[in-house]
Peer 1: 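I have a structure I would like to understand better, so I am pasting it below and will then ask my questions one at a time.
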Amino acid sequence: MHCLESRHYMHTFLSSVFSIALVVGQLMCIPIASGTPNMTLLVYGLKGQRYLQGLAYTAAGFDFGVRDATNRFAGRFNLPLVYVSSDSILLCEDTAAYFDRVSRYYYGDLLPRGGNSSLAVIYPGCDESKTLAQFGKEWNVPVISTGTTFSNLRDRALFPTTVALGPIQYEIYGVFLLRLFAKFNWTSVSLIYDVSGRVAFNQIVSARIQGYVRRNGPDVQLHVFPLDCSAGKQDDVDYVTVLTAVSRVSRIILISVPHPITRNFLINSSKMGWKLGETVWISLDASQGPWGSLAWQFNDSNDGIALTAFRSVFKLEFCARQPTPEFRTFSAELRTRSERNYNVSFPPSSSGPSEFVITAYSAVLALAQVLNESLNDGGIFESGNEIARRFLSRTFYDPVVGDLYVDSAGERQRPMCLMDFDFTVREFQEVLSYTRGKSKDDDIGSVNNRTIDWATLDGKPLSNEPVCGFNEEKPSCKAQDKVVPVAATCTALAISLTIGGTAIMYRYFRRAKVKDVHGWWQLDQACLIVYYQPIHYGDF
């Protein structure tokens, strides 16, 4: 065993093949012993600091992962760490143009070759790469994605050596939402989203939700309202027009735009007369996003309106990490290494390393655990197919950075949470959660027995649509609309007849009464009785 300076190793490798790309800037002690199995970790990724998946941010996690794996499984195997990048690989689309560097290393520089030496390709990219996955199948080596996950590699027959361990998984948003819609019988839903690319997450998650609902939610009508929220056009958003159109088709509104614009929608809906509790807003969020947390308070004249409107707002994002003192210490260590060795500058408001660097660390430790099991069972490293199989349907436990669960399709699943705005403490709290492949009955469930504080008048979940429909088009309401005018007309006619009849009767009896009063001394002819008796004058 001896110490191998990774700086020297990288310079030798990269200068001989591709010219220098990224330098691992610290002496790393890697156990290199004769007869000890070698698993070279080739990390291919982005240069620069544009993306959190980039090597400048994630390299610290890989470095410490190798360090701790080497200490934990001392003498069992070697984990030489190689970074492959280039100053030309700055954007997501650039990575596809340089995949040949991975194959050139495999065929030309991987030493020693054969026997109990192998390669693991690790890709902290913008998506899972089918090209790298095909390399892995052809070479029979494990390929581990630690970047963003689009669920494109779940077919184990096509990609048997690949596992996707990234911290952001887009398809789970659609999976969660369909279960949420079914739970509350919501079938008409609107989606307001930004297509400008200003924040890539907004456009990507919206597209993935549309695709998933279209394939798996035939009973759900998803009405889409794309917006251009680019920096020069965000003030041109016609809130009233969009909200008017939304109100005609849905009471359930998904929104995926920059947070200040979400707040503007809420404020404008209140000014338009939308009543509290008559709509449900669900903001599609990502932890550690560029806009920070969704907030009602901007210290302006609309804070009061926004605070009231937030009672109808939910957030959908991955459940928050519950940091321990040990995690905070490790996070600070990662941040320091990123700053000192990779020239990363964290904003003052940043909490430090992202979930991508934590995933880099966890992925190396999980792989080391699998390699150790492989050696225990057979005394040699298994094939890439078998190594990947050992990741499936299991949880890798770690008391510091948290557990890592991988489902049967080789994809990491993090718990997704729906967060309700607690008006009392004025912040969001987790109320419903779901972990794909792990939740009870494969359905969403309550978090710590919490219940949703619905803003409706009766405190119950909002119904899918108003009683008479969005445009008062329900047949029962139309029939009622016809009955009401007829009933009103009949009532008015009856009242008129009553009043008219009363007036006539009053006039008649009044005249009769007047006659009685003024002609009391007169007798009717019928009352006169004619009495006739002959008079005999002779009787006198």
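Nothing fancy with the numbering, it's 1 onward along the sequence. Atoms considered below: every heavy atom in the structure, side chains included; atoms not considered: hydrogens, waters and symmetry mates.
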Peer 1: If we count only N and O atoms by modelled type, under 3.5 Å, do the side chains of Tyr342 and Asp63 hold a donor and an acceptor together?
Peer 2: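 Asp63 and Tyr342 do have a side-chain donor-acceptor pair below 3.5 Å.
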Peer 1: Would you say the side chains of Ser293 and Lys315 form a donor-acceptor pair under 3.5 Å?
Peer 2: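 Lys315 and Ser293 do not have a side-chain donor-acceptor pair below 3.5 Å.
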Peer 1: Check the orientation of Trp139 and Phe135. Use parallel for under 30°, tilted for 30 to 60°, and perpendicular for over 60°.
Peer 2: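 Trp139 and Phe135: parallel rings.
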Peer 1: Ignoring hydrogens and angles, state whether a donor on the side chain of Arg76 or Asn376 is under 3.5 Å from an acceptor on the partner side chain.
Peer 2: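 Checked: Arg76/Asn376 side chains pair up, N/O donor to acceptor below 3.5 Å.
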Peer 1: Are Asp398 and Tyr361 linked by a side-chain donor-acceptor pair shorter than 3.5 Å?
Peer 2: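 Distance-only check fails for Asp398 and Tyr361.
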Peer 1: Does the side chain of Asp285 pick up a donor-acceptor pair with the side chain of Ser283 at under 3.5 Å?
Peer 2: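 Present: a donor and an acceptor within the cut-off.
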Peer 1: When you compare the side chains of Asp100 and Tyr105, does any donor N or O come within less than 3.5 Å of an acceptor on the partner?
Peer 2: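 Side-chain D/A pair, Asp100 to Tyr105: absent.
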Peer 1: Is it the case that more than 12 heavy atoms not belonging to Arg321 sit under 6.0 Å from its CZ atom?
Peer 2: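 Yes.
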Peer 1: Say whether Glu171 and Gln169, considering side chains only, have a donor N or O and an acceptor N or O under 3.5 Å apart.
Peer 2: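 Not at all, the side chains of Glu171 and Gln169 share no donor-acceptor pair under 3.5 Å.
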Peer 1: Would you find more than 12 non-hydrogen atoms of other residues, nucleotides or ligands less than 6.0 Å from Arg450 atom CZ?
Peer 2: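 It does: Arg450 CZ has more than 12 such atoms within range.
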Peer 1: Quickly, which of Glu430, Glu317, Gln429 forms a side-chain contact (heavy atoms from CB on, under 4.5 Å) with Cys417? Name it, please.
Peer 2: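 The single option meeting the side-chain contact (heavy atoms from CB on, under 4.5 Å) with Cys417 is Glu430.
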Peer 1: Under the side chain to side chain contact (heavy atoms under 4.5 Å, CB included) rule, what do Ile204 and Phe150 come out as? Steps first, then yes or no, please.
Peer 2: CA-CA 10 Å; Ile204 294 172; Phe150 286 83; 3.3 Å; yes
Peer 1: Judged by modelled atom types alone, do Glu411 and Ser151 share a side-chain donor-acceptor pair under 3.5 Å?
Peer 2: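 Checked: Glu411/Ser151 side chains pair up, N/O donor to acceptor below 3.5 Å.
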Peer 1: Return yes if a side-chain donor-acceptor contact under 3.5 Å exists between Asn464 and Thr187, otherwise no.
Peer 2: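 There is such a pair (donor and acceptor under 3.5 Å, judged by atom type) between the side chains of Asn464 and Thr187.
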Peer 1: Can you label the angle between the Phe428 ring and the Phe421 ring as parallel, tilted or perpendicular, going by 30° and 60°?
Peer 2: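 Because their plane-to-plane angle is over 60°, the rings of Phe428 and Phe421 count as perpendicular.
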